[in-house]
Amino acid sequence: MRRTRTLILSLFVLAGMSLLLSSSPVQAETKAAGKKSIGGSGEMIQMNLPAEQRELSGIRIHGSRYGTAKPPQERFLIYILNPDLTEVVATEMAPYALFERGTEQWVEIKFPKPVTVPADAWVIVDFRAGRTKGVYVSYDDSTEGSRSRIGLPGIEPKPTGFPGNWMIEPLISR
């Protein structure tokens with residue numbers, strides 16, 4: 001009898017731990033509908049952050065690297081722009097080596113120090129992609145795609161061509 005109770009209790013604990021580990025806010029709800037790499041431009045997404053959470057400690061991107069087996073010894077650019085896209089608020093860089101080749105997965109990019117952003121700021125990721133190097137960034141189909149575009153600072157943004165949003169999320173400073 002005691003062994004049965006212990007076994008049942010162990011199963012409940014394991015099931016609970018499994019739920020905790022698999023339920024990050026968006027990861028648990030949103031699945032990738034596709035992926036794209038944007039050569040000559042960047043993936044843009046608008047961050048709708050509440051007033052009390054306007055410090056980004058980084059971003060996370062669902063994607064995977066393509067190209068040579070060894071990642072390029074380069075860094076890609078992350079721009080943060082104001083809501084009307086007229087001002088670059090901050091620029092960060094991160095190494096290609098953060099992304100693995102193969103199956104897309106969530107990759108965290110931590111900034112050296114938190115960046116204070118305006119309400120409805122835009123984040124643009126420019127991998128400077130080409131035929132032999134780049135990152136496929138996943139997108140979802142659970143939204144209308146109202147927060148995503150393709151573009152770079154100073155260039156008129158274009159529609160993405162899919163009905164969802166880039167799977168790029170803010171990492172909020174706590």
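All of these numbers come straight from a predicted model, not from anything done at the bench.
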Can you list the steps and then say if Val135 with Phe76 is a side-chain contact (heavy atoms from CB on, under 4.5 Å)?
CA-CA 10 Å; Val135 171; Phe76 59 90; 5.8 Å; no
Which is it for Met47 and Ile168 under the side-chain contact (heavy atoms from CB on, under 4.5 Å) test, yes or no, and what are the steps along the way?
CA-CA 9 Å; Met47 302 288 168; Ile168 301 173; 4.1 Å; yes
Test side-chain contact (heavy atoms from CB on, under 4.5 Å) on Ile78 and Ile124 and set out the steps.
CA-CA 6 Å; Ile78 302 164; Ile124 301 175; over 6 Å; no
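With hydrogens and angles ignored, the 3.5 Å screen pairs no side-chain donor or acceptor of Asp120 with any backbone N or O of Pro83. Judged by distance alone, with hydrogens and angles left aside, the side-chain atoms of Asp126 form no donor-acceptor pair with the main-chain N or O of Gly42 at under 3.5 Å. At distances below 3.5 Å, at least one donor-acceptor pair connects side-chain atoms of Ser41 with backbone N or O atoms of Gly151. Side-chain atoms of Arg147 come within 3.5 Å of backbone atoms of Gln46 as a donor-acceptor pair (strictly under, hydrogens ignored). Judged by distance alone, with hydrogens and angles left aside, the side-chain atoms of Ser64 form a donor-acceptor pair with the main-chain N or O of Gly102 at under 3.5 Å. Judged by distance alone, the side chain of Asp141 and the main-chain N or O of Gly164 form no donor-acceptor pair under 3.5 Å.
Atom NZ of Lys31 is separated from atom OG of Ser142 by 11.0 Å, given to the nearest 0.5 angstrom. Going from atom NZ of Lys110 over to atom OG of Ser57 covers 6.0 Å, rounded to the nearest 0.5 Å. For the atom pair Leu98 CG and Ile61 CD1, the distance stands at 9.0 Å (nearest 0.5 Å). Remark: Met44 CE to Lys158 NZ distance equals 12.0 Å, nearest 0.5 Å. Rounding to the nearest 0.5 angstrom, the gap separating the CH2 atom in Trp106 from the CE atom in Met167 is 4.5 Å. Atom CD1 of Ile45 and atom CD of Glu43 lie 10.5 Å apart (nearest 0.5 Å).
In the hydrophobic cluster analysis, where Ile, Leu, Val, Met, Phe, Trp and Tyr join through side-chain heavy atoms closer than 4.5 angstrom, Phe162 is grouped apart from Tyr136. No continuous path of ILVMFWY side-chain contacts below 4.5 Å connects Ile38 to Ile155, so the two sit in separate hydrophobic clusters. Under the 4.5 Å side-chain contact rule for hydrophobic residues, Tyr79 and Met93 share a cluster. Under the 4.5 Å side-chain heavy-atom criterion for Ile, Leu, Val, Met, Phe, Trp and Tyr, Val123 and Leu49 are members of the same hydrophobic cluster. In the hydrophobic clustering of ILVMFWY residues, with side-chain heavy atoms under 4.5 Å counting as a link, Val88 and Leu152 come out together.
Using a 4.5 Å cut-off on side-chain heavy atoms (C-beta onward), Pro71 and Pro95 make no contact. Looking at Leu171 and Ile59, their side chains never come closer than 4.5 Å, going by heavy atoms from C-beta outward. Under the 4.5 Å side-chain criterion, counting only non-hydrogen atoms from C-beta, Leu77 is not in contact with Val125. Using a 4.5 Å heavy-atom threshold, the side chains of Lys133 and Phe127 count as separate. In this structure, the side chains of Val89 and Trp122 stay at 4.5 Å or more apart for every pair of heavy atoms.
Heavy atoms only, all atoms of each residue included: Ile150 and Pro159 are closest at CD1-O, 3.8 Å. Between Ala121 and Val117, the closest heavy-atom pair is CB-CB, 4.0 Å. In plain terms, the two heavy atoms of Pro114 and Ser173 that are nearest each other are CB-OG, 3.3 Å. In this structure, Glu92 and Val115 approach most closely via the heavy-atom pair OE2-CG2, 3.5 Å. Contact detail for Arg54 and Pro118: the closest heavy-atom pair is CD-C, 3.9 Å.
Around CD of Glu144, the count of heavy atoms belonging to other residues, nucleotides or ligands within 6.0 Å does not exceed 12.
Residue Glu104 is tested with Arg65, His62, Lys35 for a side-chain hydrogen bond (donor to acceptor under 3.5 Å, both in side chains); the sole match is Lys35.
Between the side chains of Ser37 and Tyr66, at least one donor N or O sits under 3.5 Å from an acceptor N or O.
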